[in-house]
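All remarks here apply to the structure that follows.
Note that the coordinates shown come from a computational prediction; the quantities given were computed from them, not determined experimentally.
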Amino acid sequence: MSSDPAALDRLTDLLAELGLSPRAPVELAELLWLAARGTEGGTGQDTAGRAAPSTDRPAAGAPGGHRPRHRTEHPPGPDGTGPRTALHLPAPDRGGRPAPAVPAPTPDAPMLARPLPLQRALRPLKRLVPDERRRLLDEQATADRIAEALREPGPVQWLPVLRPSTERWLDLHLVLDLGPTMTLWRPLARELRTLFQQTGAFRQVCSGRLLPDGRLAHRRIAEGRSAVLVISDCMGPQWRSGPAGDRWHRTLHAMARRLPVAVVQPLPERLWPLTAVPAVPGVFTAIEAGAPDAAYTFAPFTDAPPGRGAPAVPVLEPGPEWLANWAQLVGSPTGGQVVGAALMVGAATNPAGRAVEAGPDPEELTAEELVVRFRATASREAFTLAGMTALTTPALPVMRLLQQVGLARPQPQHLAEVVVSGLLREQQGRPGYFAFRPGVRELLLHTLPRSTAHHALELLIRVGGRIGDAGRTGAGTFPAWVETAGGGTLTLLDTRPFALVSPEAARLLGVTGAPVFTLAGPVAGTHPADTASGAQQEQEQEQAAARPVEEDAPPVPPPPEPAALPDPERSRAVLLLTTSRGAPGEVLEEQEYTALRDLAALAEALVDPALVGLDRRHIWLGEDDPDGFQRALQRAVQEAEDTLVVHVGGPLGPGDELGVAVGAGRWGGVHRPGLDWQAVVETVAAGRAARRLLILDGSRSVPPEPAAGGPVAVDPGSFQVVNLRHPVDRSVAGRLAAAIRTGDPDGAPQLTVHHLLEIALQSTPPAPPVTRIWPPRDGRPLVLARNAQLHGGPVESRTPSHSGTHRKEPAGPEAPRPYFFLSHPGGPGGRTVDRLFQDLCEEVLQLTDLPSAVPPGFVDRSPELDSWSRWQITEALATCRVFVPLYSPRYFASERCGREWYGFARRAARAADRSAVQASGIVPVIWLPVASAEQPAAARQLRFNHRSLGPEYQSEGLYALARAAGRRELYELAVHRLATRIVQVAHETRIPPGRPLNWDGLENAFLRSPRPGG
């Protein structure tokens, strides 16, 4: 408060101008003092459960009310309200109402409301150490040396003075637990990573994952100058007794013996006894900076001493005090002594540890018992948050916004108390979305002292003000929908909005056509937010369901069956892309080549067993083959009983009165007729598939106008996507394939098509005339894929090879290229070929620093040479670095192997013509000995020294060494030297990638006369 005596006089004059009664200066000072004390600590004990009063909006009906206009809000109406737009969440599977709506990426509230104190807590770790790898010019010392040299007679000879550069002391490795209970804390992990990167205290910040099976998916952590923070609630299976727990405890025990490791526990300290490994309070003592956990001296406060050989791993809350203690413990040059809590980590889990007494099951308690138990144990802030959540939608993004609006000092622990309280139950298949248990919402609403309608209106407006604040920085975005008067996508919306935003705020979110209604004031029954409470609606629905059905009443439709992944045996997929090239061997345009590659990526994602898992035999992939597409579609429609995926892409042609058509090229100078979309829709609609996904991915040379496209045929029983795009824009197939493989860290274990499209199109501005989505009328979701974020395979840490030929991989676009193409004729010996391929991949990974997730090689395992296999082979031949043929009599008799040889040799010859370096890039393997006279000319002209692989290999071949039980060492030595040769050739030849050739245009290299360069 200002100490100017005239300040109170000016305030008195201002109140008089507003028509209020005059106040004495002493009375005004007392009122200001009370107001400041009333808002410091948030809500008081007597207002627990009440939303905190708004600081930017007066009470309704207050005379002379005045508040400063928010920069993103609409000018207020006569009663302080004005035009507003309601934001909705996607409806759960069992409810909601269909309405035309457009997506609005809504900024999410950060879980760390005050990051600056956390960054200040890490100051002890901001140490600079000499960097011996870099030297800097010491200007002052160099100038002094020159001055000294100039004093001497004769020529001046001097050298610059260099001093070591400096760098940060520690590397920080963040490990995120991916257990089933960690969905709530994914945003917290992202914010902590950003905070640690921005604070500048660490040399680099790396991320890893702790999988539910106890494996650590992280690159190898070097000893010395590294620290590890594990973000986990210690509730998953990897913290309990069992194979997963034993595996993780061994890993954690090994890290704690050589590195400073700590666990960031998002739950509040008083809830730690409920976790799988409760922490022990005590005093840590470190003797030097950067000491590992095994070097700490830990004195517990309890009577039971820790076990021998068990390092004490510190446990921290994500708060500034906890991080400051840990930073002092790790970064103090002379050691430190702090109070904290520790996990006593042995080499394995301790099944004989103290058992935690389990509380009663929430399903067995009444609503009154749940609320009373929660009120007795919860903090004041958590109970306030639960009351505010009862007014809106219990979803994690909404609850985080409520925290920011209603609590003075929001902390992640408050949200955790509400989630684990038992008042909520998670919606099936929708992580992060909850529903109140029966009767709980009504009891929480009764704790509010004012009317529900007024409270809900005020709270939703305040949440909308926070969303529309252009100056705030959100931690991310979450999908919300805005109902529009016309246009948009037919979407299932939750009946209860979670926020009311002004038109200016809606425009900031990229929504046009808002608002859709005008608030007339907080009167019950006149506003969408006043739903008489969602609990009353649920109660009315339950009562209606309990009434007897009259004879004249229409039958009630049965509830939809629970959604599941597509059945591989009863599902089909038909994918087609048409282009504008004039001949089968003509090179594709850049945008058409990209579209074909995207379609192949979608097919790969559909077949991947970790994602969708369709049977490869049940997918038809065609290019410029409308006739084959129609035949494949007819067969798939007759066979598919569970899920049918149909994709048609290509340049759009003029359609008739039935709708658009997709062009099919002009081969041979004759323009073939287009593929009518109406006929495709009718064919699919007549099938037996219970769930259908139709994608029309058409391109036009001119961007479609808002009214362009004509009447598009729609199947009411299919999930249909119609995309009219410019040819240079990315296809829906590519976006959908990327969304399937990327997944959603905050999504369900199984992702629906609707959710995947939200992810795929989130970077595309909403344009309903360009991209249209029609869900089926029954509203049943179409589950398409597993969430890649939750079902990803583990990434194993690999140690460097003992070989001296370790290669550093480029970080550019060249890194994902396969090192080698293993060419074989197929047939007998397939298992041995697969074994050789796996061994070569392992050796190449050892000899390079390729990430384990990048496949180092390619081998074709398809039993039939279909259109999809041809695409995969030509793609690999155009990008691989080395061609590895398996010499055998069957190999040189195979037409497919001859075409593969020709495809790579032609690319190598073009590279040699451009660089004047004759390098074949072919590393042959003697699979079975073949006399030189029996080899074709293309193989005879190739010079390769096989002596380094061993005499037994030269005389008998690698197949004999692999099959003989007593020659394992000879086989492994030959494979290792072969992999070394592959890596060496890859780095010496540097054959650039080319554009894939059409398979039909490839010749048989074994029947051709040799040419220079291949």
Side-chain angles (χ1 to χ4, degrees), residues 36 39-43 52 55-56 70-72 107-128 168-174 176 184-207 227 229-231 260 262-269 314-332 336 338-340 379 381-382 385 397 399-416 462-463 465-477:
T39 58
E40 262 185 7
T43 55
T55 58
D56 57 355
H70 198 278
R71 58 183 168 184
T72 60
D108 195 359
M111 299 194 74
L112 298 175
R114 303 176 61 192
L116 187 57
L118 294 174
Q119 293 179 336
R120 290 173 178 168
L122 298 174
R123 285 178 177 175
L125 302 179
K126 284 189 174 183
R127 294 175 50 188
L128 293 176
R168 289 299 179 186
W169 174 43
L170 281 180
D171 291 340
L172 181 64
H173 298 264
L174 292 178
L176 175 61
L184 171 62
W185 307 116
R186 300 282 177 82
L188 176 63
R190 291 194 295 266
E191 293 179 33
L192 284 176
R193 174 183 171 85
T194 303
L195 181 143
F196 291 138
Q197 289 175 336
Q198 293 176 349
T199 192
F202 303 100
R203 184 169 51 177
Q204 62 178 345
V205 179
C206 307
S207 297
L229 285 180
V230 182
I231 305 175
V263 177
V264 179
Q265 172 61 269
L267 296 176
E269 185 180 7
V315 184
L316 322 170
E317 285 188 13
E321 299 83 2
W322 295 83
L323 281 178
N325 287 348
W326 177 72
Q328 180 182 354
L329 186 67
V330 175
S332 179
V338 297
V339 177
S379 62
E381 293 82 1
L385 180 59
M399 296 167 74
R400 286 197 290 266
L401 286 170
L402 294 176
Q403 273 189 295
Q404 297 293 315
V405 170
L407 302 181
R409 295 180 179 272
Q411 296 293 334
Q413 296 85 346
H414 304 150
L415 182 59
R462 288 164 55 201
V463 173
R466 179 57 60 92
I467 292 174
D469 188 355
R472 67 179 289 267
T473 57
T477 58

**OP:** Dump the intermediate steps for side chain to side chain contact (heavy atoms under 4.5 Å, CB included) on Leu170 and Val330, then the final yes or no.
**Re:** CA-CA 10 Å; Leu170 281 180; Val330 175; 4.1 Å; yes

dist Arg120:CZ -> Lys126:NZ (nearest 0.5 Å) comes out at 10.5 Å

Look only at the side chain of Arg168 and the backbone of Gly200, and say whether a donor-acceptor pair between them is shorter than 3.5 Å.
yes

Distance col, row Leu192:CG vs Leu323:CG, nearest 0.5 angstrom, shows 7.5 Å

**Request:** Without swapping roles, check the side chain of Glu191 against the backbone of Leu112 for a donor-acceptor pair under 3.5 Å.
**Result:** yes

Smallest heavy-atom separation, Ala121 atom then Pro320 atom, equals CB-O, 3.4 Å

(message) I'd like to know if the side chain of Gln119 and the backbone of Gln198 have a donor-acceptor N/O pair within less than 3.5 Å.
(response) no

For Cys206 and Arg193 the tightest heavy-atom approach is C-NH1, 3.7 Å

Heavy atoms of Val339 and Asn325 approach each other most closely as O-ND2, 3.4 Å

Heavy-atom nearest pair, Val405 first then Val463, reads CG2-CA, 4.0 Å

dist Gln197:CD -> Leu174:CG (nearest 0.5 Å) comes out at 8.5 Å

Review point. Which is it for Glu381 and Gln411 under the side chain to side chain contact (heavy atoms under 4.5 Å, CB included) test, yes or no, and what are the steps along the way?
Key: CA-CA 9 Å; Glu381 293 82 1; Gln411 296 293 334; over 6 Å; no

Minimal heavy-atom distance between Gln265 and Val315, with the atoms involved, is CB-CG1, 3.7 Å

When rounded to the nearest 0.5 Å, the distance separating CG of Leu316 from CD of Glu269 is 11.0 Å

Let me see the working for Phe196 and Leu118 under side chain to side chain contact (heavy atoms under 4.5 Å, CB included), right down to the final yes or no. CA-CA 9 Å; Phe196 291 138; Leu118 294 174; over 6 Å; no

For Gly331 and Trp169, the nearest pair of non-hydrogen atoms, with its separation, is CA-CZ3, 3.8 Å

CG (Leu229) and CG (Leu176) are apart, to the nearest 0.5 Å, by 12.0 Å

| message | The test is side chain to side chain contact (heavy atoms under 4.5 Å, CB included); show your working for Trp185 and Leu415 and say whether it passes. | response | CA-CA 10 Å; Trp185 307 116; Leu415 182 59; 5.6 Å; no

Rounded to the nearest 0.5 Å, the CG atom of Leu128 sits from the CZ atom of Arg203 at a distance of 12.0 Å

